[in-house]
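First the structure, in the form of structure tokens, and then the observations on it.
Chain letters run A, B, ... following the sequence lines, proteins first, then strands; residues in each count from 1. Every heavy atom of this structure was used, including side-chain atoms; hydrogens, water molecules and symmetry mates were not.
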Number of protein chains: 2
Amino acid sequence: MVNSKIKTKIKTKITTGNRPSAEARILLAARHVFMTKGMSGARMQDIADEAGINKALLHYYFKNKERLFDVIFRDASSVFFPKITGIIESTDTLEKKLEKFCCAYIDMMLQNPFLPLFVLTEANKRPAEFRKKFWRTREQVFQKFAEEISTEAEKKKELNINPAHLFLNMISMCIFPFIAKPIWQMSTGMNDKEFREFIDERKKIIPQLIIASLKKKCL
Amino acid sequence: MVNSKIKTKIKTKITTGNRPSAEARILLAARHVFMTKGMSGARMQDIADEAGINKALLHYYFKNKERLFDVIFRDASSVFFPKITGIIESTDTLEKKLEKFCCAYIDMMLQNPFLPLFVLTEANKRPAEFRKKFWRTREQVFQKFAEEISTEAEKKKELNINPAHLFLNMISMCIFPFIAKPIWQMSTGMNDKEFREFIDERKKIIPQLIIASLKKKCL
DNA sequence: GTCTATACTCGGATAGAC
DNA sequence: GTCTATCCGAGTATAGAC
């Protein structure tokens, strides 16, 4: 499996034995190291160690650090920018849709706690490169959500809400706690278990709050 | 001015002439480079260039990269974790206090747009070091806010609100847009001017939303 | 205090054996 | 496909002149 073809989606291929292939182990290790240290802080040696191979093999599979990073980052982006078509197109009420979205999104971040800071940091560091290499128009989650909310608002004559603010409020409240986790825990004294429970509570609180903001009286 | 004494607060000292001293220029340049590139991405050469001096002088003033970083980061933290005693102790209503807080905090970030991502990233990368070297108990903004909200809630018999969620919601909505700025602009097509106006709107929207969440019906 | 020149270290990348 | 050994550029840090 040489690096000649760039894969668009990472799959952890398994060899005939029970141990993941070297390539799969590299990807797993690279994901972990890049996510925790960032592009500039990550060391090829760390990735090699964690994958249980040596540096030379990294270059055999992925040419250089940048290419390896790109594979990881592209995969990370595709997870971070969710596909909400499924939720949007369902026949649920808006309330139910928001609830499903928050719940699914928070669950995803519980499984990938470093993802938000990783994607946002790297997107900030080189915005031009990000736009060119990683930005997919299809990932414009916001557009669909905005339409959905606008039509919903029109139906109910609650036109005083700005979909942009509403959507940004929602994702802010979902994502930010994961970015601020260490500081928040220092500040409140929460341990990991308490933090986890606290986050779980937010799956209900956030959509409720958003729905409340739709009422004329609130905004 | 040798590096023997560590300053707790950065002041841009001006020499007798009209050009800032070398030390002041270094601090200014270092702040900019560290904030945009992060600790691991920053290059001493870049800082020297931007300050209009050479690398050797950096080491003359600040011994090494880590010490220079520490000075910048300590200063950044003290700005990022706001002193809210002034707002808390005023005789304003809770509503007014929240409004003042959001407004002041958003204004601060408008002036230091890279601050949030910088502080949060570095705090995440080395949480133990962060706690030891930079965390100040006095910065536990949250505690005071929580007490304030609790007493307010008791007065109005609106005990169904959790101050932790309320506070986290508020700062999430204030801070997150600055972290997500490039992605948000790509996603919505906003230019810098529009983004600025959009942010200004939030100074009112966020406290309104928070106040609304205090009502029993909303949460 | 400020510079030039240089030493040293780290880390990404390659050559080549097996 | 995987390894050892090595190269080489980049980047931090220091020596020493002025």
Handout entry: D/dT2 OP1/OP2 closer than 4.0 Å to side-chain N/O of A/N54
Key = no

Problem - Residues which pass salt bridge (charged side-chain N to carboxylate O under 4.0 Å, His left out) with B/K132, listed by chain and number, not counting sequence neighbours - result: none

Exercise for the section: Under 4.0 Å between any heavy atoms, over every strand shown, what does B/I53 touch: base, sugar-phosphate, or nothing? Just pick one. Expected result: sugar-phosphate

Rounded distance (Å) that lies between atom [atom2] of [N] and atom [atom1] of [X]:
| X | N | atom1 | atom2 | result |
| --- | --- | --- | --- | --- |
| A/Y61 | C/dT14 | OH | C1' | 18 Å |
| A/D49 | C/dG11 | CG | P | 12 Å |
| A/L58 | D/dC3 | CG | P | 10 Å |
| A/L57 | C/dA13 | CG | C1' | 14 Å |
| A/R19 | D/dG1 | CZ | P | 16 Å |
| A/I47 | C/dG11 | CD1 | P | 12 Å |
| A/R25 | D/dG1 | CZ | P | 13 Å |
| B/Y60 | D/dG16 | OH | P | 17 Å |

Practice task
Using modelled atom types only, decide if a donor and an acceptor are shared between the side chain of A/Y105 and the backbone of A/K100 within a distance under 3.5 Å.
Solution key: no

Handout entry: Flag, side chain of B/S187 to backbone of B/W184, donor-acceptor distance under 3.5 Å
Key = no

Handout entry: Parallel, tilted or perpendicular: ring planes of A/F69 versus A/F134, cut at 30 and 60 degrees
Key = perpendicular

Problem - Pair A/F176 + B/F176: ring centers closer than 6.0 Å - result: no

Handout entry: Residues that A/C103 engages under side chain to side chain contact (heavy atoms under 4.5 Å, CB included), provided they are two or more places apart
Key = A/D107, A/K203

Considering only nitrogen or oxygen atoms on both sides, find all protein atoms under 3.5 Å from nucleotides 12-14 of chain D and state each distance.
| from | atom 1 | to | atom 2 | distance (Å) |
| --- | --- | --- | --- | --- |
| D/dT12 | OP1 | B/A42 | O | 3.4 |
| D/dT12 | OP1 | B/K65 | NZ | 3.3 |
| D/dT12 | OP2 | B/M44 | N | 3.1 |
| D/dA13 | OP2 | B/H59 | NE2 | 3.2 |
| D/dA13 | OP2 | B/K65 | N | 3.0 |

